[in-house]
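Position 1 is the first residue of the sequence, and the numbers go up from there. Just so you know, these numbers use all the heavy atoms, side chains as well, and skip hydrogens, waters and symmetry mates.
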Amino acid sequence: MHCSAAFSQAATSATAVPTISGSRHVGALHSSSSSSSCTLLIPSKPINLRFCGLRREAFGFSPSAFTRCSNSQRVQLPSRRRFKGSNVCASLGDNGIPKSFDYDLIIIGAGVGGHGAALHAVEKGLKTAIIEGDVVGGTCVNRGCVPSKALLAVSGRMRELQSEHHMKALGLQVHAAGYDRQGVADHANNLATKIRNNLTNSMKALGVDILTGVGTILGPQKVKFGTDNIVTAKDIIIATGSVPFVPKGIEVDGKTVITSDHALKLEFVPDWIAIVGSGYIGLEFSDVYTALGSEVTFIEALDQLMPGFDPEIGKLAQRVLVNPRKIDYHTGVFATKITPAKDGKPVTIELIDAKTKEPKDTLEVDAALIATGRAPFTNGLGLENINVVTQRGFVPVDERMRVTDANGNLVPHLYCIGDANGKMMLAHAASAQGISVVEQVTGRDHVLNHLSIPAACFTHPEISMVGLTEPQAREKAEKEGFEVSVAKTSFKANTKALAENEGEGLAKLIYRPDNGEILGVHIFGLHAADLIHEASNAIALGTRIQDIKFAVHAHPTLSEVLDELFKAAKVNF
């Protein structure tokens, strides 16, 4: 659902319909008339509604706008002017009688994915409602990307202030840097509250109905929320997100054995904490805890730390982010049983060999953070009412996010986006999927290229990536019969990085030398999370290396790391 990859993408210890066609639908208010013609009053120019906080009247929609639906057209309606009990003329049955809906679009879940879909739906003129059983913003805003970035901002500054060598190199002197734990926790909580309010206000200002209660699908195009409220919609999007995944045998008490949900509250900073899982979540929290004075022990089921990253980037990241810090690790082991601290006894962790399942070791620590990924939150959705069976909790969808039932058939007018479908557990991926769905239901076919979606880990320095890792690219090349080349550039040759005294870093390009196609880009270094988007957009737009290498970058900037990277590639024509 983050913003960043952490708290949205599963960590390494856990397993992470015909095309809609026709002209773009025009929005207007429904008239009770059933005339065979369709009279429309619409603005002469498309209106961009992405600016939040403006009154609906400011967008120039007249209350007198109307339409009469013919038996040959489907008309989608705007949400600029709504009134209780109004119905939407969405389609006509075979007998010519209009079929009415309360909304054009209902979205179950008000996280980043649902919010992105709702705003785009309003922009497209759809009368939209969003159902939320918890709080607006979902995991990303309340228990993930947003508060974690607040903690990481603190850890970054603490790490810099505590580095005497770094400060001395810049000619600075800082003495006795410290922190107020409650003040740090308040910073994270206040940021989450601010962003949550912004999301809520943006939807209300644009006319999205926010319906409070748990959403349950009763049948085709019908949803219940709360106790007994029932609404209907032409199309429905499931956007219920995910929750922390806790393996069997681990007892979470929320105090000494915690998930990321608890850790973000920063109720205490343990002297020694074990982190189960060395993916995005585990890495980011190791950055926070070590900066605040904790010792960290990683417990990783696979044979190496950070197995989800490109191996070369992971090796460098371990050398910088793990080895010099107060971090040790156990790889190739499972934590089969974790018991919280009680009665003066520490947290105990029983480890077994991941391959032989033989007992390996027992650890005693002050706290344990379970960072083994996330599980889809799809229980109670009422999927059995439409013959949909989840796969390990994930809702099955096709490439257009259309839900498929137990027989492999498409469920009409039902879509699922974000963590709940498991395609790519990132907050911004959920938002992109939601926008793609809205494009489809308004008559424009759209398939999202997931290989163009970037991910980032907000450690210090940061890690970012888009596309394939080198092993993945070489496997693909072997199957499809093409060559793979790799180009690299170092942050040590970048003027801006050297000015910041942050020259540790590497950018890596994986590409096809025969045609210049970008297969993947991986960056470890200062502001890597910001730098990745030039490569991401190039992949999304199909831009080839031979074209992008002529782009001009300001000097001196970190963007020149990518400039040099593309120029270093050798294309065979």
Side-chain angles (χ1 to χ4, degrees), residues 5 9-10 12 15-16 279-280 302-320 399 423-424 426 429 447-457 461-494 504-525 528-551 553 558-573:
Q9 181 165 356
T12 58
T15 305
Y280 297 91
L302 298 180
D303 291 333
Q304 63 186 40
L305 294 179
M306 298 173 274
F309 297 93
D310 180 87
E312 188 171 10
I313 295 294
K315 184 177 180 180
L316 176 59
Q318 180 174 332
R319 181 169 66 82
V320 176
E399 63 181 0
K423 279 185 172 290
M424 200 171 193
L426 299 168
V447 177
L448 180 64
N449 177 11
H450 285 80
L451 284 177
S452 71
I453 298 177
C457 186
E462 296 172 344
I463 310 170
S464 64
M465 66 222 70
V466 65
L468 304 175
T469 63
E470 185 175 346
Q472 289 171 339
R474 294 199 181 281
E475 181 181 355
K476 178 181 175 68
E478 185 176 351
K479 289 180 180 179
E480 299 181 12
F482 60 83
E483 295 294 322
V484 169
S485 290
V486 174
K488 304 171 192 175
T489 53
S490 172
F491 278 65
K492 292 179 180 177
N494 181 267
E504 193 71 73
L506 173 73
K508 178 176 180 179
L509 167 66
I510 305 159
Y511 67 99
R512 290 183 57 166
D514 60 334
N515 62 10
E517 180 185 357
I518 300 171
L519 301 175
V521 173
H522 303 262
I523 308 173
F524 174 70
D530 299 309
L531 295 175
I532 196 64
H533 297 94
E534 182 173 1
S536 171
N537 289 337
I539 293 175
L541 298 173
T543 306
R544 302 297 169 125
I545 293 169
Q546 56 267 33
D547 296 319
I548 199 171
K549 67 167 50 183
F550 291 107
H553 298 72
L558 292 172
S559 71
E560 291 175 291
V561 170
L562 283 181
D563 184 33
E564 295 299 325
L565 184 65
F566 293 128
K567 284 180 167 61
K570 307 298 181 184
V571 181
N572 299 334
F573 65 86

Practice problem: Show your working on side-chain contact (heavy atoms from CB on, under 4.5 Å) between Leu531 and Leu558 and close with a plain yes or no. | Solution: CA-CA 8 Å; Leu531 295 175; Leu558 292 172; 3.9 Å; yes
Quiz prompt | Distance in Å, Ile453 CD1 paired with Met465 CE, rounded so as to fall on 0.5 Å steps | solution = 13.5 Å
Self-check item: Under 3.5 Å: donor-acceptor pair, side chain of Lys488, backbone of Lys508
Solution: no
Quiz item: Within the side chain of Lys570, is there an N or O that forms a donor-acceptor pair under 3.5 Å with the backbone of Ser485?
Solution: no
Quiz item: Looking only at heavy atoms, what is the nearest atom pair of Ile548 and Ala538, with distance?
Solution: CD1-CB, 3.7 Å
Quiz item: Near Glu478 CD, under 6.0 Å, is it more than 12 heavy atoms from other residues, nucleotides or ligands?
Solution: no
Practice problem: Decide if the gap between the ring center of Phe550 and the ring center of Phe566 is smaller than 6.0 angstrom. | Solution: no
Quiz item: Is there a donor-acceptor pair closer than 3.5 Å between any side-chain N or O of Glu564 and the backbone N or O of Thr489?
Solution: no
Quiz prompt | Gln304/Gln318 under side-chain contact (heavy atoms from CB on, under 4.5 Å): CA gap, chis, key distance, verdict | solution = CA-CA 10 Å; Gln304 63 186 40; Gln318 180 174 332; 5.9 Å; no
Self-check item: Shortest non-hydrogen contact from Ala529 toward Glu462
Solution: N-OE1, 2.9 Å
Self-check item: Heavy-atom closest contact (Asp310 atom, Glu470 atom, distance)
Solution: OD1-N, 2.9 Å
Exercise. Give the minimum heavy-atom separation between Val521 and Leu562, together with the two atoms involved.
Key: CG1-CD2, 4.2 Å
Quiz item: Within a strict 4.5 Å, meaning less than it, do heavy atoms of the Phe482 and Leu519 side chains meet?
Solution: yes
Quiz item: What distance do Ile463 atom CD1 and Tyr280 atom OH have between them, rounded to the nearest 0.5 Å?
Solution: 8.0 Å
Quiz item: Do the non-hydrogen side-chain atoms of Pro311 and Pro471 ever get within less than 4.5 Å of each other?
Solution: yes
Quiz item: Are Val486 and Arg474 close enough, and set up right, to give a side-chain contact (heavy atoms from CB on, under 4.5 Å), and what steps lead you there?
Solution: CA-CA 11 Å; Val486 174; Arg474 294 199 181 281; 3.9 Å; yes
Self-check item: Main-chain N/O of Ala540 paired with Asn449 side-chain donor or acceptor, under 3.5 Å
Solution: no
Quiz item: Given Ile523 and Leu565, is the side-chain contact (heavy atoms from CB on, under 4.5 Å) satisfied, shown in steps?
Solution: CA-CA 11 Å; Ile523 308 173; Leu565 184 65; 5.9 Å; no
Quiz prompt | Heavy-atom pair of closest approach, residues Glu534 and His553 | solution = OE2-NE2, 2.8 Å
Practice problem: Could you pull out the closest heavy-atom pair between Pro454 and Leu426, with the gap in Å? | Solution: O-CD1, 3.6 Å
Quiz item: Between the side chains of Glu312 and His522, does any donor sit under 3.5 Å from an acceptor?
Solution: no
Self-check item: Spacing of CG belonging to Asp547 relative to CG belonging to Leu541, to within rounding of 0.5 Å
Solution: 11.5 Å
Self-check item: Side-chain (Ser452) to main-chain (Ile539) donor-acceptor, under 3.5 angstrom
Solution: no
Self-check item: Atom pair CG/NE2 of Asp530 and His533 - distance to nearest 0.5 Å
Solution: 7.5 Å
Quiz item: Just how far is it from atom CZ of Arg512 to atom NZ of Lys476, taken to the nearest 0.5 Å?
Solution: 8.0 Å
Quiz item: Once you round to the nearest 0.5 Å, how far does NZ of Lys315 lie from CD1 of Ile313?
Solution: 12.0 Å
Quiz prompt | Heavy atoms of other groups near Gln546 CD, more than 12 under 6.0 Å | solution = yes
